[in-house]
Amino acid sequence: MKKPQSLIAAATLAVSSIASSAFAGNADAVQAFYDLLSNPGSETHTAAFVDATADTWESVGSYSGDNKSRDAFLGQIGGFAKLLPDLNWAIQELHESGDFVTVRSRATGTPVAPFFGVDGEGRSFDIMTIDIHELADGKIVRSYHVEDWAGALQQLSGR
């Protein structure tokens, strides 16, 4: 009688272990995304981001249909490296559900030149961001994102 219970317990443990390993891979892939955001000029972090994302990865930031490809996103991030040398994008919470990882993060930075047309005069911003990353086979295939850029501009303008 104890053998079936032991087999069930072992099978449950094995399935849990496999699921945990899959989710750990998702979290690692998503972490590579934020490591790049916090180190936008780093070749090492760029390579890790490329490895963590599908060739067809896209950044979805609005309903305009103007999604960014991975190459376009990397070009934009390269510009951020010069404009925001102290940019930090820290994960505050991460939730996984199947092939989706939702992240609440905090972005901080001090622009060294006008930012979205606002001369911050050495001021910094501290904003909340929400992202939903869709994964397939351990790679991020799509990232939906919302950032409080209006709040950043308000902080930079001193209001």
Side-chain angles (χ1 to χ4, degrees), residues 19-20 22-159:
S20 293
F23 284 142
N26 286 347
D28 289 345
V30 168
Q31 184 64 56
F33 178 87
Y34 294 92
D35 289 345
L36 172 65
L37 290 175
S38 293
N39 302 280
S42 164
E43 289 181 24
T44 300
H45 290 96
T46 298
F49 169 79
V50 168
D51 188 50
T53 54
D55 292 342
T56 57
W57 177 84
E58 59 184 349
S59 169
V60 182
S62 71
Y63 289 120
S64 68
D66 294 332
N67 301 341
K68 284 188 177 66
S69 67
R70 186 167 62 186
D71 288 341
F73 180 78
L74 287 170
Q76 179 183 15
I77 292 300
F80 271 40
K82 295 176 182 138
L83 183 59
L84 297 157
D86 67 341
L87 181 62
N88 185 46
W89 219 287
I91 293 175
Q92 302 292 295
E93 284 187 89
L94 183 144
H95 299 280
E96 297 184 47
S97 179
D99 289 332
F100 290 88
V101 177
T102 303
V103 176
R104 177 179 59 84
S105 59
R106 181 178 216 162
T108 59
T110 308
V112 296
F115 185 70
F116 293 122
V118 174
D119 181 6
E121 300 176 20
R123 293 184 182 95
S124 299
F125 64 84
D126 184 346
I127 61 171
M128 181 189 300
T129 73
I130 304 290
D131 303 305
I132 302 170
H133 303 279
E134 182 179 353
L135 292 98
D137 299 321
K139 300 240 184 207
I140 306 171
V141 295
R142 192 169 295 105
S143 296
Y144 302 90
H145 56 94
V146 177
E147 302 88 13
D148 182 16
W149 292 122
L153 296 177
Q154 187 176 29
Q155 293 170 41
L156 294 172
S157 66
R159 295 182 190 162

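All of these numbers come straight from a predicted model, not from anything done at the bench.
- With contacts defined as side-chain heavy-atom distances shorter than 4.5 Å, the pair K68/Q76 qualifies.
- Taking the side-chain hydrogen bond (donor to acceptor under 3.5 Å, both in side chains) definition, one finds that E43 meets it with nothing, sequence neighbours left out.
- In this view, T110 and D86, S124 satisfy the side-chain contact (heavy atoms from CB on, under 4.5 Å) rule, not counting sequence neighbours.
- Atom CD of residue E134 and atom CD1 of residue I140 lie 11.0 Å apart, to the nearest 0.5 angstrom.
- Rounded to the nearest 0.5 Å, atoms CG (D148) and CD (Q155) are 7.5 Å apart.
- In this structure, the ring of F49 has its center less than 6.0 angstrom from the ring center of W57.
- Using modelled atom types, one side-chain atom of S42 and one backbone atom of H45 make a donor-acceptor pair closer than 3.5 Å.
- Put simply, the side chain of L135 does not reach to within 4.5 Å of the side chain of V141, judged on heavy atoms.
- Partners of Y144 by side-chain hydrogen bond (donor to acceptor under 3.5 Å, both in side chains), not counting sequence neighbours: none found.
- Checked against ring pair (Phe, Tyr, Trp, His ring centres under 6.0 Å), F115 has the following partners two or more places apart in sequence or in another chain: F125, W149.
- In terms of heavy atoms, A29 sits closest to G138 at CB-O, 3.8 Å.
- Rounding to the nearest 0.5 angstrom, the gap separating the CD atom in E147 from the OG atom in S105 is 8.0 Å.
- Residues satisfying the side-chain contact (heavy atoms from CB on, under 4.5 Å) criterion with T56, sequence neighbours excluded, are A54.
- Two rings, from F33 and H133, have their centers less than 6.0 Å apart.
- Residues L74 and L36 are in side-chain contact: their nearest non-hydrogen atoms beyond the backbone lie under 4.5 Å apart.
- Residues passing the salt bridge (Lys or Arg N to Asp or Glu O under 4.0 Å) test with R123, sequence neighbours excluded: none.
- The minimum heavy-atom distance linking P114 with L83 is given by the pair O-CD1, 3.7 Å.
- Residues satisfying the salt bridge (Lys or Arg N to Asp or Glu O under 4.0 Å) test with D51, not counting sequence neighbours, are K139.
- D119 meets the salt bridge (Lys or Arg N to Asp or Glu O under 4.0 Å) test with no other residue; sequence neighbours excluded.
- Annotation: the span from Q92 atom CD to R104 atom CZ amounts to 5.5 Å, rounded to 0.5 Å.
- Taking the side chain as every heavy atom from C-beta outward, T129 and R106 never approach each other to under 4.5 Å.
- Every residue meeting the side-chain contact (heavy atoms from CB on, under 4.5 Å) condition with A48, not counting sequence neighbours, appears here in chain and number order: A32.
- For A47, there are no side-chain contact (heavy atoms from CB on, under 4.5 Å) partners, not counting sequence neighbours.
- Smallest separation of non-hydrogen atoms from S62 and N67: O-OD1, 4.4 Å.
- For T53, the side-chain hydrogen bond (donor to acceptor under 3.5 Å, both in side chains) test picks out R70, with sequence neighbours left out.
- Between V103 and H95 the shortest side-chain heavy-atom distance does not fall below 4.5 Å.
- With a 4.5 Å cut-off on side-chain heavy atoms, V60 and R142 count as touching.
- Here the CD1-CG distance, from I77 to L87, works out to 7.5 Å after rounding to the nearest 0.5 Å.
- Partners of S38 under the side-chain hydrogen bond (donor to acceptor under 3.5 Å, both in side chains) rule, at least two apart in sequence or in another chain, are N88.
- In terms of heavy-atom proximity, P40 sits nearest to T46 at O-OG1, 4.5 Å.
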